[in-house]
Amino acid sequence: MFWNEQLETIERKALEKLQLEKLRKALAAAATTPFYKKVFADNGVDVSRITTLDHLRDLPLTTKHDLRLSYPDGMVAVPRTEIVRLHASSGTTGKSTVIFYTAKDLADWADLIARSMMATGTTRNDVFQNMMGYGLFTGGLGLHYGAERLGCLVIPSSTGNSLKQIELMKDFGTTVVHITPSYAMHLADVVSENGINPPDLGIKKAYLGAEPYSEGVKKKIEGQWGLDAYNSYGLSEMNGPGVAFECEYKNGMHLWEDYYIMEIINPDTGERLPDGEEGELVLTHINREAMPIIRYRTRDLTRIIPEKCACGRTHRRIERIKGRTDDMLIVGGVNVFPSQIETVLMNVPEVGNNYQIVLDRHNNLDRIHVRVELYNKMFEGDIKALDALRKKIVERLKALITVNPKVELLEPGSLPPSMGKAVRVIDKREI
Ligand code: DLL
C-alpha cells in the first residue's frame, strides 16, 4: 500500500534529479544562516558551484557540537514569524540541540509519517496508541500528526502509567502502537501480571525505535504480543522519527531519499564509503525551510542495503543501527552523555577522583547507577551529611539528564583504579 506511489516508486534518475534540485535550494537557504555563512566562507565553499550530487562530498560535515555552538538560532534560515514549533534533543537541558519548523515543515513531516505508517499496512481503520513522550522529544508529536494525517483514531497516551495504557488498549481496541522496545517488553510483563494474555489485546503492529535494540529483542516482542514489529529510525536533527522506516517486508528501513540525502562515511577519515559497506550515516536534510542541515554526522553505524526491496519502493534501505561512534548512551529512550554526568560530579567539591556509571535493566526498564568515590574526610562526619550529599547529587543529575539515577557514595579506593583509558561506563543491558 502506498501513500504516494509516484514518489515512493520514483525511478532512480528522477529521484536524483529531484534530490539535486532540493539540495541546491537547501544550500542556498543554508548560506543565509549565520552558522553556514561562516562555515562556507572559512572553507571556500561557493554553493552556486554545487551542480551535481557528487559535489556534496566536498562540503564540510556538521556535528551536534556545531548545533550547540549555534544555539539558539544560528542555523535558522527563515524569519522568526515563519517558525511555528521547536523541539529539542532529549537528555540535555539549556544549551542543547534545538530544531525549528515552519508550518510547511510540519505538514511535510506529517506526510512522511503517514507514508511510513502506510508502508506497514496501517490505514484509517486503525486505532493508534502513541506511547512515546509528548513534549520537546520528537517521538510523541512526530508520529501523532502523521497518524492523524493518515486518518487513524489517535490515542495520545504518552509514556508511563502502564495500567492506564492497558485500559485504553482494551476500551478502544488499539491495533497499532508506537513504543520503545524496552517499554514494550516491560508492558508485556505488566499485562501478564494483570491476568491478561498480551495477544488477547488484539494489537497487530508495533513501531519500535528511539533506542538501539537487536533483532532478537524485536522477535521477542513479536512473540510476547503476537504482533508484527517494524523498526523506525530517526533523530531530532532530521525532524525526529520518520527518517527511515521498515515496510511490510520488515527487512531493513527505507530511508526517504526525497527528504534526506544519505552518505556512509568512514568515521575516522571522513571518506565516503561505497553502498553496502558499514560506516557512519551522514544525512543532509533537503526538505526543511526553517533549518537546513548539511552533511550531519549522525554518529550511528549502519550500512546501505543496495538490493531492491520486494515492495517496489525505490528508496534505498539501511540496516538496523549497529552502534554509535561516540559515547552517547540511550537510557529508557533518553540520550545521555557520560560527560554530562562527569560535569555534575566534578562540580561537587566532596567528590573524589573516581566514578563509574553502571547501566542495567530491571523488569525490562533501564536503570542508571552512578557510583562515586568521595574524599576520606567525608566519612568522618555523620551519616546525615552523607545522605544529604547523596540527595544533592541525585537532584543535580536528574535536573541535567532527566533520568532518575541511583547514586552510591564510596570510600576512596573502592572502584578499580583506571589503568590507561578509564572505563567509566559499564553497560550490563543486553540489547
Ligand atoms: O529518538 C527520534 C525517534 C523517536 C526515533 C521515535 C524513532 C522513534 P533523538 O532523541 O534525537 O531522536 O535520538 C536519536 O536515537 O541517533 C540513534 O542513535 C537512536 N535511535 C533512534 N531510532 C533508533 C532505532 C529520536 N530504530 C538517536 N534503532 C539516533 C537504533 C535508534 N537506534
Side-chain angles (χ1 to χ4, degrees), residues 7 15-89 92 94-112 136 138 141-142 234-240 242-243 255-263 265 270 272 281-299:
L7 269 177
L15 175 61
E16 285 173 5
K17 185 165 168 271
L18 181 65
Q19 282 187 319
L20 182 60
E21 271 164 31
K22 287 187 168 193
L23 172 65
R24 295 195 67 183
K25 237 171 114 182
L27 286 172
T32 66
T33 68
F35 173 78
Y36 282 111
K37 204 178 272 175
K38 180 166 186 321
V39 168
F40 291 163
D42 290 351
N43 290 274
V45 173
D46 174 359
V47 292
S48 67
R49 290 236 175 103
I50 308 290
T51 51
T52 70
L53 284 179
D54 211 42
H55 286 153
L56 189 60
R57 71 169 81 208
D58 301 331
L59 299 179
L61 296 157
T62 305
T63 62
K64 207 176 186 84
H65 184 64
D66 292 330
L67 266 103
R68 291 212 173 103
L69 285 182
S70 60
Y71 181 92
D73 57 2
M75 286 192 193
V76 171
V78 294
R80 154 67 195 85
T81 46
E82 296 293 307
I83 298 170
V84 298
R85 198 197 293 167
L86 64 79
H87 278 286
S89 183
T92 46
K95 290 169 188 33
S96 56
T97 49
V98 181
I99 308 300
F100 299 92
Y101 310 76
T102 64
K104 178 176 184 300
D105 294 337
L106 291 179
D108 286 351
W109 185 19
D111 213 58
L112 202 57
L136 288 174
T138 54
L141 290 172
L235 57 159
S236 9
E237 293 80 357
M238 295 290 129
N239 283 5
V243 173
L255 193 138
W256 301 122
E257 295 184 85
D258 54 335
Y259 278 55
Y260 308 99
I261 296 181
M262 65 167 145
E263 302 169 79
I265 63 164
R272 197 191 279 183
L281 180 66
V282 168
L283 294 171
T284 298
H285 202 320
I286 51 172
N287 204 91
R288 192 164 55 198
E289 295 176 330
M291 199 171 170
I293 299 188
I294 312 301
R295 302 199 78 207
Y296 184 69
R297 289 193 69 161
T298 65
R299 303 284 177 185

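Residues: numbered from 1 along the sequence shown.
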Main chain of [Y], side chain of [X]: is a donor-acceptor contact present, judged purely on distance under 3.5 Å?
X: Lys22; Y: Asp258; result: yes
X: Tyr36; Y: Leu27; result: no
X: Tyr259; Y: Asp108; result: yes
X: Thr298; Y: Leu281; result: yes
X: Arg85; Y: Leu106; result: no
X: Thr102; Y: Ala290; result: no
X: Arg295; Y: Arg57; result: yes

What closest approach, in Å, do [X] and [Y] show between heavy atoms, and which atom pair accounts for it?
X: Ala77; Y: Ala29; result: CB-O, 3.7 Å
X: Leu61; Y: Asp66; result: O-OD2, 3.9 Å
X: Gly74; Y: Pro34; result: O-CD, 3.3 Å
X: Glu237; Y: Tyr296; result: OE2-OH, 3.1 Å
X: Ile99; Y: Leu67; result: CD1-CD2, 3.8 Å
X: Thr138; Y: Gly240; result: OG1-CA, 3.4 Å

>> Which residues pass the side-chain hydrogen bond (donor to acceptor under 3.5 Å, both in side chains) test with Lys37, not counting sequence neighbours?
In response: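 Partners of Lys37 by the side-chain hydrogen bond (donor to acceptor under 3.5 Å, both in side chains) criterion come out as none, since no residue qualifies.
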> Mind checking what makes side-chain hydrogen bond (donor to acceptor under 3.5 Å, both in side chains) contact with Arg272, not counting sequence neighbours?
Replying inline: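 Result, side-chain hydrogen bond (donor to acceptor under 3.5 Å, both in side chains) vs Arg272: Glu263.
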>> Tell me every residue that passes side-chain contact (heavy atoms from CB on, under 4.5 Å) with Ser70, counting only those two or more places apart in sequence or in another chain.
In response: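 side-chain contact (heavy atoms from CB on, under 4.5 Å) list for Ser70, sorted by chain: Phe35, Met75.
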>> Set out, in order, the CA-CA distance, both residues' side-chain angles and the distance that settles salt bridge (Lys or Arg N to Asp or Glu O under 4.0 Å) for Glu21 and Lys25, then state yes or no.
In response: CA-CA 6 Å; Glu21 271 164 31; Lys25 237 171 114 182; over 6 Å; no
>> Val98 and side-chain contact (heavy atoms from CB on, under 4.5 Å): which single residue from Val76, Leu86, Leu136 fits?
In response: Leu86
> Of Trp256, Tyr260, Trp109, Tyr101, which is the lone residue that meets ring pair (Phe, Tyr, Trp, His ring centres under 6.0 Å) with His285?
Replying inline: Tyr260
Tell me, do [X] and [Y] make a side-chain contact under 4.5 Å, heavy atoms counted?
X: Val39; Y: Ile294; value: no
X: Leu141; Y: His87; value: yes
X: Ile293; Y: Met238; value: yes
X: Val78; Y: Ile83; value: yes
X: Leu283; Y: Leu255; value: yes

Can you tell me how far [atom2] of [Y] sits from [atom1] of [X], rounded to the nearest 0.5 angstrom?
X: Leu23; Y: Glu16; atom1: CG; atom2: CD; value: 12.0 Å
X: Phe100; Y: Arg80; atom1: CZ; atom2: CZ; value: 9.0 Å
X: Thr63; Y: Arg297; atom1: OG1; atom2: CZ; value: 8.0 Å
X: Thr52; Y: Arg24; atom1: OG1; atom2: CZ; value: 9.5 Å
X: Leu53; Y: Ile261; atom1: CG; atom2: CD1; value: 5.0 Å
X: Leu20; Y: Leu56; atom1: CG; atom2: CG; value: 10.0 Å

> Taking only residues two or more places apart in sequence or in another chain, which ones pass salt bridge (charged side-chain N to carboxylate O under 4.0 Å, His left out) with Arg299?
Replying inline: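 With neighbours one apart ignored, the set is empty.
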> Asp73: what forms a salt bridge (charged side-chain N to carboxylate O under 4.0 Å, His left out) with it, not counting sequence neighbours?
Replying inline: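 Salt bridge (charged side-chain N to carboxylate O under 4.0 Å, His left out) list for Asp73, sorted by chain: empty.
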>> Test side-chain contact (heavy atoms from CB on, under 4.5 Å) on Thr284 and Leu59; report intermediate values, then the result.
In response: CA-CA 11 Å; Thr284 298; Leu59 299 179; over 6 Å; no
>> By the side chain to side chain donor-acceptor pair (under 3.5 Å) test, which pairs, at least two apart or in different chains, include something from residues 41-51?
In response: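 Residue pairs with at least one partner in residues 41-51: Lys38-Asp42, Asp46-Ser48.
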